[in-house]
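One structure is given below, encoded as structure tokens.
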There are 2 protein chains.
Amino acid sequence: MRVLIVEDEPNLGRQLRATLEGAGYAVDLATDGEDGHFLGSTESYDAIVLDLGLPEIDGLTVLDRWRREGKETPVLVLTARDSWSDKVAGLDAGADDYLAKPFQTEELIARLRALIRRAAGNASSELIAGDVRLDTRSGKVTLAGEPVKLTAQEYKLLSYLMHHKGKVVSRTELIEHIYDQDFDRDSNTIEVFVTRIRKKLGQDVITTIRGLGYSLDDPAR
Amino acid sequence: MRVLIVEDEPNLGRQLRATLEGAGYAVDLATDGEDGHFLGSTESYDAIVLDLGLPEIDGLTVLDRWRREGKETPVLVLTARDSWSDKVAGLDAGADDYLAKPFQTEELIARLRALIRRAAGNASSELIAGDVRLDTRSGKVTLAGEPVKLTAQEYKLLSYLMHHKGKVVSRTELIEHIYDQDFDRDSNTIEVFVTRIRKKLGQDVITTIRGLGYSLDDPAR
DNA sequence: CGAGTTCCATGCGCGTTTTGATCGTCGAGG
DNA sequence: CCTCGACGATCAAAACGCGCATGGAACTCG
């Protein structure tokens, strides 16, 4: 999962990046509204963390522009604790969730996870496809009840596919969501990890759609 | 279920009351140690939330008095994030659980519930994972029945992991919960303590999930 | 002042990730 | 129905970086 942080205060920005990377996200960081808007418009993220108090362009403006452009990416807005006006304005501009500063990082992570889950249309923290279960809260995967050990990248890949169960996901899309900005686009890494996951969870978990990408279906239904 | 909150800071006090009432508790609020002590002694509660930093009479003193009077009501103590000394002193005075400020309201509710459940009967204040037992009340740890001497940091680290048994906990999360705000993010302290705990309690108590963090599982199930 | 604890720096080993090469397979067109 | 081309799967080995161990410095406490 790839996340954009728009935060002008350098320290907080760095801290946020560290936190989210620690939680397994690929993170891009923009330090002003201009940058933030550009990245948010051109790259593809699973969620955006947006601080409202930005220099140059105001955070609300950025959010508003994204929505006008048709960007649907879920946005979590950071506000000063007492500014209710910001909150109301943010609602109008299309924010999906709020967090008042200062906040606890776990709360941020929990909210983000919920946001991404909601955007994918899932209700619980557990994603299920056939015999495979992935718990986004504890970060664990089981196959027919048995715990399976996945490496960090394997987990990220599987997680993305399960969040988009039934959809055909292109290799490019996977690369974009698993890695951050600068990554060598032509390599067969994805294939390698698909192979590895299939080895651990069974051949038929991930279906190949030739020329288009991969898809994870739920055989249960 | 009836709960007493002893908290001098008006805002936090009100917030706590609202939270707990929302969770279905009957709530009394005392704003200083004097009041708190009196209410705790004369009324009957299922649990008490006690802030240590109080004017007039110190929270610890209040707690100590209750215990001398023979009050068995479970007490959850709120401490400033970094005052481990408070924690230790609190243990001696007979606190049943701790929460460092600032905390998540969900966590408070969860802990309170656990506290009440424990006090309600059978269960003890023990966290159990395999051969390892950690008594949150006495602060003692045993391995297969044998007492093990842990240092303060080792205890904190282990305690946090045991409170989140089964979850993958990132290094960042651990650092944030064990140290106060500004702490050198790139240092291998956590690794060092993990190693030390493993030396004392056995290699397989804490599982490493490469790239993500650590996890403590209960092999019993 | 000494014992114990906490923290930091360094180097190394090993699992993970990535690369590149090769093999297998599917599908279109002859 | 066969052949060829393109795409995907697989493998092995190299590169990388994480986490571990260790020893020592700084600090805290009695």
Side-chain angles (χ1 to χ4, degrees), chain A residues 18 21-24 26 139 141 148-159 161 168-175 178-180 182-216, chain B residues 82-89 92 139 141 148-161 168-180 182-216:
Chain A
E21 279 175 349
V141 177
V148 178
K149 247 186 91 183
L150 293 188
T151 69
Q153 304 287 9
E154 287 163 9
Y155 177 83
K156 286 193 220 175
L157 179 36
L158 179 67
S159 160
L161 283 174
V168 177
V169 182
S170 74
R171 211 174 333 273
T172 332
E173 188 176 342
L174 282 171
I175 288 181
I178 289 174
Y179 300 92
D180 53 13
D182 15 53
F183 181 80
D184 188 14
R185 260 100 207 297
D186 45 300
S187 87
N188 65 348
T189 326
I190 298 297
E191 279 103 321
V192 173
F193 281 113
V194 169
T195 305
R196 305 259 284 272
I197 292 173
R198 289 213 257 237
K199 266 205 184 126
K200 289 185 179 177
L201 298 178
Q203 284 299 326
D204 45 351
V205 181
I206 301 173
T207 318
T208 307
I209 287 90
R210 200 152 237 268
L212 292 176
Y214 298 99
S215 158
L216 191 146
Chain B
D82 48 352
S83 54
W84 177 245
S85 50
D86 275 6
K87 236 172 181 169
V88 174
D92 291 340
V141 177
V148 178
K149 242 188 98 184
L150 292 188
T151 68
Q153 303 287 27
E154 288 163 8
Y155 178 82
K156 282 196 241 177
L157 181 36
L158 180 66
S159 158
Y160 189 82
L161 284 174
V168 177
V169 181
S170 75
R171 212 175 325 275
T172 329
E173 190 174 340
L174 283 171
I175 287 180
E176 279 174 359
H177 279 269
I178 291 175
Y179 299 95
D180 52 6
D182 18 50
F183 181 82
D184 190 11
R185 257 116 207 306
D186 44 302
S187 97
N188 61 352
T189 324
I190 297 298
E191 279 104 318
V192 172
F193 282 111
V194 168
T195 307
R196 303 262 283 276
I197 292 174
R198 290 212 257 238
K199 273 210 180 115
K200 290 185 178 177
L201 299 177
Q203 283 298 324
D204 44 351
V205 181
I206 300 173
T207 318
T208 307
I209 289 92
R210 202 157 235 264
L212 293 177
Y214 297 99
S215 161
L216 190 147

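None of the values given here were measured: they were computed from a predicted structure. Letters go in sequence order (proteins before strands), and every chain restarts at 1.
Nearest approach of A/Ile178 to A/Ala26, heavy atoms of both residues: O-CB, 3.5 Å. Closest heavy-atom contact between B/Ser215 and B/Ile209: CB-CD1, 3.4 Å. When every heavy atom of B/Ser170 is checked against every heavy atom of A/Gly22, the shortest pair comes out as CB-O, 3.5 Å.
Using a 4.5 Å cut-off on side-chain heavy atoms (C-beta onward), B/Leu201 and B/Ile206 make no contact. Two residues are said to be in side-chain contact when any heavy atoms from C-beta on lie closer than 4.5 Å; B/Leu150 and B/Leu158 meet this criterion. Counting heavy atoms from C-beta on, the side chains of A/Tyr179 and A/Gln153 come closer than 4.5 Å.
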For a quick check, with a 4.0 angstrom heavy-atom cut-off, what is the B/S/- contact string for nucleotides 12-18 of chain C, read 5' to 3'? -B-SSBB
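Among the atoms of the strands shown, base atoms are found under 4.0 Å from some heavy atom of A/Thr195.
Rounded to whole angstrom, the span from the CD1 atom of A/Ile190 across to the P atom of C/dT19 amounts to 11 Å. The separation between B/Glu191 atom CD and C/dT10 atom C1' is 14 Å, rounded to whole Å. Atom OH in B/Tyr155 sits roughly 14 Å away from atom P in C/dT6 (whole-Å rounding). The distance from atom CG of A/Asn188 to atom P of C/dC23 is 16 Å, rounded to the nearest whole Å.
Not a single salt bridge (Lys or Arg N to Asp or Glu O under 4.0 Å) links B/Arg210 to another residue, sequence neighbours left out. Here B/Thr208 pairs with B/Arg198, B/Tyr214 under the side chain to side chain contact (heavy atoms under 4.5 Å, CB included) rule; sequence neighbours left out. Remark: B/Glu173 engages B/Lys167 in a salt bridge (Lys or Arg N to Asp or Glu O under 4.0 Å) (not counting sequence neighbours).
Atom CG of B/Leu157 is separated from atom CZ of B/Arg196 by 11.0 Å, given to the nearest 0.5 angstrom. Distance check: A/Arg171 CZ to A/Glu191 CD gives 4.5 Å after rounding to the nearest 0.5 Å.
For the segment residues 199-209 of chain B, no residue has any heavy atom less than 4.0 angstrom from an atom of DNA chain C.
With a cutoff of under 4.0 Å to any heavy atom of chain B, the contacted region of DNA chain D is bounded 5' to 3' by D/dG17 to D/dT22.
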